Amino acid sequence: MKPYVIINAAMSADGKISTPLRQQTKISVADDFTRVDALRAESDAVLVGIGTVKTDDPSLRLKSEELAEARIKAGKTAHPMRVVVDSNAEMPLDSDMFKKGLGEVVIVVSRKAPEDKIAALSEKTTVIKAGDSRVDLSEMLEKLGEMGVKQLMVEGGSTILWSFMSQRLFDEIRIYVGALIIGGKTSPTFADGEGFTEVDEFPRLTLKNAERIDDGILLTWLKKE
């Protein structure tokens, strides 16, 4: 069974997730960072794309020791599994993900990824194959489900978010809209990618909740079937 997929992101009031230089940009406030940490803690796995790893080098570990301890008491690992979508096996071997946190790291590659790179990564962590020339997200979800992942949190970046949304491979979207303007026609948005050209292609959403956090707002949508 495929995991329940929650897409989580933060964007500016004008829909941008970082600057035109694609630098890591602080959009969320302290209370929203706490919310994100709690969502990570309740999830079985947290996923990002290789682009995010190369740009931000995230550890994806829990910041709160209390949340980590609560997971242990519940019979789980201290940190959720961390998943990287990496079609060509380009994951840096010195990534923070290999240095910080106690959760399992899973690298998902395509079957055309170089075998020498796969072998090097396999010495560090778990590598699974899904898809021929690029990672097949649907096949990946099936395999993660077989590994015991019931809830998957997808954190980005924009290309990965677009892939999940365009293929309707999500159940829920949570977006924190921060009280700031970034601007820039080349700034990445919440959903980059090719975009849809026909109205009937647009994924439709149902608003579940809207919650004010500081001067921003957290919007929660469910996928409309």
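This structure is a prediction, so every number in the text was calculated from the model and none was measured.
- Electrostatic pairing of D215 and R212 counts as a salt bridge here, judged by a charged N lying under 4.0 Å from a carboxylate O.
- Residues Y176 and V29 share a closest heavy-atom pair of OH-CG2, 3.6 Å.
- Electrostatic pairing of K143 and E139 counts as a salt bridge here, judged by a charged N lying under 4.0 Å from a carboxylate O.
- Residues V106 and L141 share a hydrophobic cluster, clusters being chains of Ile/Leu/Val/Met/Phe/Trp/Tyr side chains in contact below 4.5 Å.
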message = For I107 and T125: C-alpha separation, side-chain torsions, deciding distance, then whether side-chain contact (heavy atoms from CB on, under 4.5 Å) applies.
response = CA-CA 8 Å; I107 312 299; T125 192; 3.7 Å; yes
key: Stepwise side-chain contact (heavy atoms from CB on, under 4.5 Å) test for L121 and F98   = CA-CA 10 Å; L121 284 171; F98 295 134; 4.3 Å; yes
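- Checking side-chain atoms of D31 against main-chain N and O of I213 turns up no donor-acceptor pair under 3.5 Å.
- Checking side-chain atoms of D214 against main-chain N and O of G216 turns up no donor-acceptor pair under 3.5 Å.
- The two residues P92 and I50 have their closest heavy-atom pair at CD-CD1, 4.3 Å.
- Side-chain contact check for D192 and S158: at least one donor-acceptor pair (N or O, by modelled atom type) lies under 3.5 Å.
- In terms of modelled atom types and a separation under 3.5 Å, the side chain of S110 and the main chain of S87 share a donor-acceptor contact.
- Between the side chains of D37 and T34, no donor-acceptor pair of N or O atoms lies under 3.5 Å.
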query = Taking it one step at a time, do K117 and V109 satisfy side-chain contact (heavy atoms from CB on, under 4.5 Å)?
reply = CA-CA 10 Å; K117 291 186 176 181; V109 303; over 6 Å; no
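- Looking at E104 and K76, no side-chain N of the basic residue comes within less than 4.0 Å of a carboxylate O on the acidic one, giving no salt bridge.
- Looking at every heavy atom in both residues, P58 comes nearest to V53 through CD-CA, 3.8 Å.
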